Structure formats: structure tokens, C-alpha cells
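One structure is given here, and the rest of the page talks about it.
Residue indices begin at 1 and follow the sequence shown. Computed from a prediction, not measured in an experiment: that's the story for all the values here. Every number for a ligand or one of its atoms is a count from 1 in the order of the listing.
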Amino acid sequence: MENSGSYEKIHHKIHHRFVATILCFALIPLFVAGFGIYYQFADIYRARVLESLRTLAENRRNAIDLFLEERVSQLSALVYTQSFGQLKNEEYLNRVFTLLQARSKSYLDIGIIDHDGNHVAYVGPYQLKGLNYRNEEWFHETMLRGTYISDVFMGFRKFPHFIIAVMRREGDTSWILRVTIDTDIFDSMVKAAQVGQRGDAFVVNRQNVLQTTPRFGGELLSVAPCPSFPRFAGTQVREMELDGTKSLVALTWLKNKDWLLVIREDPPENLVPLFRARFLAMILMGAGVLVMVLGALLVSRSMIRQLEKSEREKAMLDASLVQSSKMAALGKLAAGIAHEVNNPLAVIKEKVGWIHDLLSEEDISGSENYKEFDDAVRKIDYHVDRAKKVTHRLLGFARRMEPIREQVDLNRLVSETIDFLKNEAHYRNIEIVTHLDPGLPTTISDSSQVQQVVLNILNNAIDAVGKSGTITLATRFIEEDRELAVTISDNGPGIPAELIDRIFDPFFTTKQYGMGTGLGLSISYSIVEKLGGRITVSSEPGQVTTFTIYLPQVNDLSV
Ligand SMILES: Nc1ncnc2c1ncn2[C@@H]1O[C@H](COP(=O)(O)OP(=O)(O)OP(=O)(O)O)[C@@H](O)[C@H]1O
Ligand SMILES: [Mg+2]
């Protein structure tokens, strides 16, 4: 019993260690795999997002470049096929302009400027004819380079716009054809790259001044909400902070003009599938952890239960082995003692009888010691009888007779046994109650040995109750174990817990000297064991003490 505490501690330790080990071995790979796969996926996904942003930026840049290129070549073609003389005629210019617009409505107005900077002809919504552009930057640039695309500027019309100008040398003079690009059309071309709810696209010049209106923050011609970048080849895609939020940004310079196209995407919006994957991975991992923890706990618990059961069984086996070995030792001892003591006892008995006879033959009844002699002889006779009873019991025990096999009706056997002791019980005012199972099957066993066992236990119960009380005998059939059980309960004083382990020991008795041999229960134990059954005892001192004899239910005589 005192071991159960330390066993519990050991079980606890085993349980904890087992759970910890299982979790270590299962969770570490789970986490490694989970995080590994997630990060792999995140890398690939991020690369894909950046790649698609790069493609978007490059496509848009190509489209814008193509647009500008087309305008320039269209105007060049016009300049080199028409003469200054023709074009300065406003009516003619108007016709040309209508023709140009017929193909694409990308121009706002058109004008012809002579080599002094005079605006000699103009078709468009503003009053610009007659102005002189000599001091304008674009005029000089165009004279210098031949073709020129301006930044967005306010100019004479006080409205943001940008122009394309083409110069032609005609004889010894040169002139310029200049158009204003419809900024709406250009803006919408750039804005086509504003994807999603938070995507943005705009164009800045070398000085980082906005050339189109961005979707979020920043006015046309104000400084752009991003740092300025030197010109570089190709397209750069990067993550960077733009007005306080982290963004994915693609940067690419136009081919035909010093303008930088900036396309920006909102990472959260783009990475939604990634976040969803992360969430899913977390849920899966969480579920995995839960399942593993539960599994480990369950497996460990059932293992511990198994362990406890086998330990209990082992303890029971140990106890019955100890009991059996005590019996075996006792058997040998008993045989020796009985053999050695029986013969002298027989001699003593005979000699006492002889003395007794002599005493009655001789006429010494008158002698003053006659009564003393007679008393001594009687006592010797009585005690020799008692000693013989013990040796007889021991011999019966030691001989370990092989049980015979016969049909036993346990109910009848119990009733008959009670009959033996009925008078004694009645005399002591002890009521014997029986609950015999009418459906109790018979079994193959040794009826006289079983009877001896029931008798021993019933005798003990009567002794325990002493005077006035109740003894209950019951029989029942335990179907699932195929066992017959006889329970014998009494309401005597009971057996103290510290003695209950010893009552089956040979010679253990609490009875007065000379009143009990202490062999009844140990003999009963070995008999029942030999018959393939067992005896159990439970006692609540002061309440009830119950002995139960279990016998296997056997039908086949030959087994
Ligand atoms: N029903 C019972 N109530 C209380 N104590 C019991 C009961 N049955 C047995 N015992 C205790 O177990 C002890 C051993 O019993 P056991 O039958 O082996 O020997 P005994 O009865 O003392 O001697 P004997 O059987 O030779 O008369 C008893 O002395 C008694 O203390
Ligand atoms: Mg007894």
C-alpha cells in the first residue's frame, strides 16, 4: 500500500516524459515543415507579384513610348511633306489639323512658328496667334535638336500642358510645327496602370516634378511623393516607403523623354492570398498541434492505465505466490511434525489409558492422592486429544489429497453445511439468512472439500458474531467470468485493516489460547486454489465482514 504513492509519482513522470517526447518528435518536424513550406510559398509568391508588377510597368512604358514616338514621326512626316508657305495659311493648317485629329484625337491645338519665334499660324481653342516664343526654352531646344518634347508647363495659356515641336530647315530659313498634346489622353494612358483599390501610377521628370496627377497625394507640377532617382536602364522593382505606407514600386525611364514612370501597388492588397495562406497554415498547424497533444495525452493515459493494471495484477500474483509458498513450506513442516509427534502421542495416549485402567483396578481410591492422580490422567488424556486434533488437521493439510471430480450443487451444499451448525447458531441467537440463486448452474468440483471451506468460514463467522447477530449466505453466478460465487457475511466486529493481510497465514489466530489453531483459513485458501478458484475478503469493522469463495463453472467431467 505504501508503494502506491511512489508508483503514482513514477507514473506521473512517465506520463510527462512520454508526452514531452512525442510532442518534441512530432511538433518539431511539423513546425519545420509548416514554416519551411510557408516561407517557400511566400518567396515564390512575392517574386511572382514583383514580376507581374515589372511586366505591368514595362508594358505601360512601351505603350507611352510608342505613343510619343508615333506623334513625333507623324509630325515629322507632316513637316517634311508640307512647306512653311502652305502651313502658315491657317485655313490649310486647319484642314491638316482636322486630318490629324481624324486618326487620333490626341492633339489640343497646332501652330506654326517662324525662325524668329513668331507664332504665324494657330488652330486651337486659345488666342495664341501673334505671340513670340523667342525667349521660350522649348523654342531654343527645338531649334537646337530638331524635335522636342517638353515637360508639362503653364506657358502663355496659364494651363498645364506639354508640347511636341518639330523644326524644318527650308532653304536658308527654318520654322517649327508645334502641337499641344491632350493631357487628358496622356493622363489616362498612365492611369491605366493604376490597378486595384490602392494602386497608383504617375510620371515625374528629372527634377522629380509630377507630370501627371497621381491618384493619391500630390498635385500636377508639385514635387512627387517619392525620392528622385537618377536615370537608369531597364525596370527596377522594389519595396519602399511611400508617404508613410510600405509599397511595392516599379520604376522605369521612358526611352524618348526624361520621364520616369512610377507604378505603385499596395502590398496588403496584393498579398491577400499570401496572408490567406499564412492564416490557413497557422490554422492547420494549430489543429495539428491540438491533435498531437490530444493524441499524446490519450496514448500516454491509456499506456499508464495499462501499466497500472499490469502492476495491480502483478501485485495480486505476488501476494498469491507468497501465500502459496507459505502453504508449501507449511505443508513440509506439517508433514514432518505430524509424523514425529503422532507416534509419541499414540504412545502417551495408550499409556494414559493404561494408567487409568490401573488406577481403577488397584484399590487406591481411598488414597489421599487418588483424586490428584485421576485428575492428572484426565488432563493428560484431554490435552493429548487436543494435540492429536492439531496433528490430524496438519496431516490432512499436508497430504494435499487430490480433489475428486463430481457434480456439485452449490446451493444444496450450502444448505447442508448450514444444517450442521443450525443448533449452535440457534443456541447463540444467531440468525442465518440465505439468498440462493435459483438459476445457479452446477459445476464439477470436490463437494466435501468445498464443504470444508464453507464450514471453516461459517464457523469463523459464528465465532466472530459471538452472540446475537446475523450471518448471510448467498450464491450467485457470474456469467461473464463463468464463475460461481458463495458470499458469507456477518455483522460481527470485523477484521482490522492491519490484520486483514495476515488472516490466511497458517497459525494466525486472534482467538484465546487453545481455542483456535489458526489453520482454518489457510487450509481453505489452499483447497480453493487447488480447485481452481479463489477466496476474497472485505471487512468494514463494526459493520460487515464478507468472505467470497469463487469457483470456476465447469460442465465437462473429463476436463
Ligand atoms: N468472520 C470473521 N470476523 C472476524 N475475524 C475473522 C473472521 N474470520 C476469520 N477471522 C480472523 O481470522 C483469524 C484466522 O481464522 P482461521 O479460521 O484461520 O483460524 P481460527 O478461526 O482462529 O482457528 P480455527 O479455524 O482453527 O478455529 C481468526 O482468528 C480471526 O481473527
Ligand atoms: Mg476458523
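The residue among Ile523, Asp490, Thr545 with a heavy atom at the shortest distance from atom 1 (N) of ligand 1 is Asp490. Remark: among candidates Thr517, Asp505, Leu521, the nearest residue to atom 16 (P) of ligand 1 is Leu521, based on non-hydrogen atoms.
In Phe504, neither the side chain nor the backbone holds a heavy atom less than 4.0 Å from any atom of ligand 1. Heavy atoms of Ile495 found under 4.0 angstrom from ligand 1 belong exclusively to the side chain.
Looking at atom 28 (C) of ligand 1, its nearest protein heavy atom turns out to be Thr510 OG1, 4.0 Å. Atom 22 (O) of ligand 1 has its closest protein heavy atom at Thr509 OG1, 2.6 Å. Remark: minimum distance from atom 8 (N) of ligand 1 to any protein heavy atom is reached at Asn460 CB, 3.3 Å. For atom 11 (C) of ligand 1, the nearest protein heavy atom (residue, atom name, distance) is Ile503 CG2, 4.0 Å. Among all protein heavy atoms, the one lying closest to atom 20 (P) of ligand 1 is Lys511 NZ, 3.5 Å. With respect to atom 13 (C) of ligand 1, the closest heavy atom belonging to the protein is Phe508 O, 3.9 Å.
Residues Asp385 and Lys349 are paired through a salt bridge, judged by an N-O separation under 4.0 Å between the basic side chain and the carboxylate. Contact check on Glu265 versus Arg198 returns no salt bridge, with no Lys/Arg side-chain nitrogen under 4.0 Å from an Asp/Glu carboxylate oxygen. In this structure, Glu308 does not pair ionically with Arg305, as no charged nitrogen and carboxylate oxygen lie closer than 4.0 Å. Taking 4.0 Å as the cut-off between side-chain N and carboxylate O, Arg386 and Asp381 do not count as a salt-bridged pair.
For the pair Arg502 and Phe508, the cation does not sit on the ring face, since its NZ or CZ is not both under 6.0 Å from the ring centre and inside 45° of the axis.
Taking the side chain to side chain donor-acceptor pair (under 3.5 Å) definition, one finds that Gln236 meets it with Arg238, sequence neighbours left out.
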* Under the salt bridge (Lys or Arg N to Asp or Glu O under 4.0 Å) rule, what do Glu416 and Arg412 come out as? Steps first, then yes or no, please. => CA-CA 6 Å; Glu416 279 172 10; Arg412 215 177 71 208; 3.5 Å; yes

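For the Mg ion (ligand 2), the N/O/S atoms of Thr509 include none lying under 2.8 Å.
Of all atoms in ligand 1, numbered sequentially from 1 with element shown, those under 4.0 Å from a heavy atom of Phe547 are 1 (N), 8 (N). Close contacts between ligand 1 and Ala464 involve ligand atoms 1 (N), 2 (C), 3 (N), 4 (C) [criterion: under 4.0 Å to a heavy atom].
Between the side chain of Ser522 and the backbone N or O of Asp505 there is no donor-acceptor pair closer than 3.5 Å. When atom types are taken as modelled, the side chain of Thr443 and the backbone of Asp409 share no donor-acceptor pair closer than 3.5 angstrom.
Using a 4.0 angstrom heavy-atom cutoff, Gly518 counts as in contact with ligand 1.
Taking the six-membered ring wherever Trp is involved, the centroid distance between the rings of His15 and His11 does not fall below 6.0 Å.
On a distance-only criterion, Asp463 and ligand 1 share no N/O pair closer than 3.5 Å.
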